Colleague: 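One structure, as structure tokens, below. Some questions next.
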Amino acid sequence: MFIRRAFPDESNHLLKLMAQAVNESTMGYQENDEKKTFENFVPLLRSGAYYLISADRNVLTGWILVGREFNSFSNARVGAIFSLFVYPQYRKLGIGKELMLAAIEELKKQGFEKVQLNVFAGNPARFLYEELGFKEVSRIMEMDLI
């Protein structure tokens, strides 16, 4: 297995695959909607975010999208992990953890002082994030009005 920065054509392909990842990572909160996914992630890519990919013998096993956090309440330079996805057949092999560690190292090298991510309630990836040292700093709450 190796991890490297995605080439531009690979990034375009990953962007098309993001709807599946978003649906799963949001625990179904956001449906598979390629248009909405593009609306959410294209601006990040245009502002400097990029994918790191994991591959085994030239077969894509997963990816992580990293960049700068723009909504931080901290005075520190804050990096962000916007998406982590490992294909189901490659889960429980440590790939998610390796992608996370690679992303954290990239952000450190770029001079970020902190890294943030958003994880939906019920997403089992939160256990990995906690194992790596992430801690809860806020909660988003909502109420249906209709």
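Counting begins at 1 with the first residue of the sequence. Nothing here was measured: the structure is a model prediction, and the numbers come from that model.
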Colleague: For a side-chain contact (heavy atoms from CB on, under 4.5 Å) check, start with the C-alpha distance between Lys97 and Glu131, then their side-chain angles and the critical distance, and finish with the verdict.
Modeller: CA-CA 9 Å; Lys97 184 175 186 175; Glu131 175 189 326; 2.8 Å; yes

Colleague: For the residue pair Ser54 and Glu98, establish whether any side-chain heavy-atom pair is separated by less than 4.5 Å.
Modeller: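 With C-beta onward as the side chain, the pair stays apart.
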
Colleague: Checking side-chain contact (heavy atoms from CB on, under 4.5 Å) for the pair Val66/Tyr50: CA distance, chi angles, key distance, verdict?
Modeller: CA-CA 6 Å; Val66 299; Tyr50 58 93; 3.6 Å; yes

Colleague: If you measure from NE2 on His13 to CG on Leu60, what distance do you get to the nearest 0.5 Å?
Modeller: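 The CG atom of Leu60 is 6.5 Å from NE2 of His13, to the nearest 0.5 Å.
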
Colleague: Quick one: does Glu130's side chain have a donor or acceptor within less than 3.5 Å of a partner on Phe127's backbone?
Modeller: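 The answer is no, because no donor-acceptor pair under 3.5 Å joins these two groups.
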
Colleague: If you group Ile, Leu, Val, Met, Phe, Trp and Tyr by side-chain heavy-atom gaps below 4.5 Å, do Phe7 and Leu17 land in one group?
Modeller: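 Unlinked, Phe7 and Leu17 end up in two clusters.
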
Colleague: If I compare all heavy atoms of Phe38 with all of Pro43, which pair ends up nearest, and what's the gap?
Modeller: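 Shortest heavy-atom separation between Phe38 and Pro43 comes out as O-CD, 3.7 Å.
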
Colleague: Looking only at heavy atoms, which two atoms of Ala55 and Thr61 are closest? And how far apart?
Modeller: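 Looking at all heavy atoms of both residues, the closest pair is N-OG1, 3.8 Å.
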
Colleague: Suppose the criterion is side-chain hydrogen bond (donor to acceptor under 3.5 Å, both in side chains): which pairs have a residue in residues 79-88, not counting sequence neighbours?
Modeller: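 Counting only pairs at least two positions apart or across chains, no side-chain hydrogen bond (donor to acceptor under 3.5 Å, both in side chains) contact touches residues 79-88.
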
Colleague: Could you pull out the closest heavy-atom pair between Phe82 and Arg68, with the gap in Å?
Modeller: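 Looking at all heavy atoms of both residues, the closest pair is CZ-O, 3.4 Å.
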
Colleague: Does the pair Leu52 and Trp63 meet the rule for a side-chain contact (heavy atoms from CB on, under 4.5 Å), with working shown?
Modeller: CA-CA 6 Å; Leu52 296 176; Trp63 68 79; over 6 Å; no

Colleague: Checking Arg77 side chain against Gln110 main chain: does a donor-acceptor pair fall under 3.5 Å?
Modeller: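 Yes; judged by distance alone, with no hydrogens or angles, the pair exists.
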
Colleague: For the pair Lys114 and Glu69, find out whether any cationic side-chain nitrogen is under 4.0 Å from an anionic carboxylate oxygen.
Modeller: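 Looking at Lys114 and Glu69, the cut-off is not met.
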
Colleague: So do Lys135 and Tyr129 actually touch side chain to side chain, heavy atoms under 4.5 Å?
Modeller: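 A side-chain contact is absent here, since even the closest heavy-atom pair is not under 4.5 Å.
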
Colleague: Does Arg91 make a cation-pi contact with Phe85, if we ask for NZ or CZ under 6.0 Å from the ring centre and within 45° of the axis?
Modeller: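 Cation-pi check for Arg91 and Phe85: passes.
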
Colleague: Same cluster or not: are Val119 and Val137 linked, directly or through other Ile, Leu, Val, Met, Phe, Trp or Tyr residues, by side-chain heavy atoms under 4.5 angstrom apart?
Modeller: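 Each belongs to a different hydrophobic cluster.
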
Colleague: Within this structure, what is the CD1-CZ distance for the pair Ile53 and Arg4, rounded to the nearest 0.5 Å?
Modeller: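 Rounded to the nearest 0.5 Å, the CD1-CZ separation comes out at 3.5 Å.
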
Colleague: Working to the nearest 0.5 angstrom, can you tell me the gap between Asn40 CG and Leu15 CG?
Modeller: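 Between Asn40 CG and Leu15 CG, I get 10.5 Å after rounding to 0.5 Å.
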
Colleague: Would Arg5 pass as a cation-pi partner of Tyr51, given that its NZ or CZ must be under 6.0 Å from the six-membered ring centre and within 45 degrees of the axis?
Modeller: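 Here Arg5 fails the 6.0 Å and 45° test against Tyr51.
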
Colleague: Are Leu99 and Phe2 linked, directly or through other ILVMFWY residues, by side chains that come within less than 4.5 angstrom of each other?
Modeller: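 Looking at the clustering, Phe2 is in a separate group from Leu99.
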
Colleague: So which atom in Leu107 and which in Gly79 form the shortest heavy-atom distance, rounded to 0.1 Å?
Modeller: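 Result for this residue pair: CD2-CA, 4.1 Å.
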
Colleague: Taking the side chain as every heavy atom from C-beta outward, state whether Phe134 and Met100 have any pair of such atoms under 4.5 Å apart.
Modeller: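 Sidechains of Met100 and Phe134: in contact.
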
Colleague: Got a donor-acceptor contact below 3.5 angstrom from the Asn123 side chain to the Ala125 backbone?
Modeller: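 Between the backbone of Ala125 and the side chain of Asn123 there is a qualifying donor-acceptor contact (under 3.5 Å).
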
Colleague: Between Ile81 and Ile64, does a side-chain contact (heavy atoms from CB on, under 4.5 Å) hold up when you go through it step by step?
Modeller: CA-CA 7 Å; Ile81 294 172; Ile64 191 165; 3.7 Å; yes

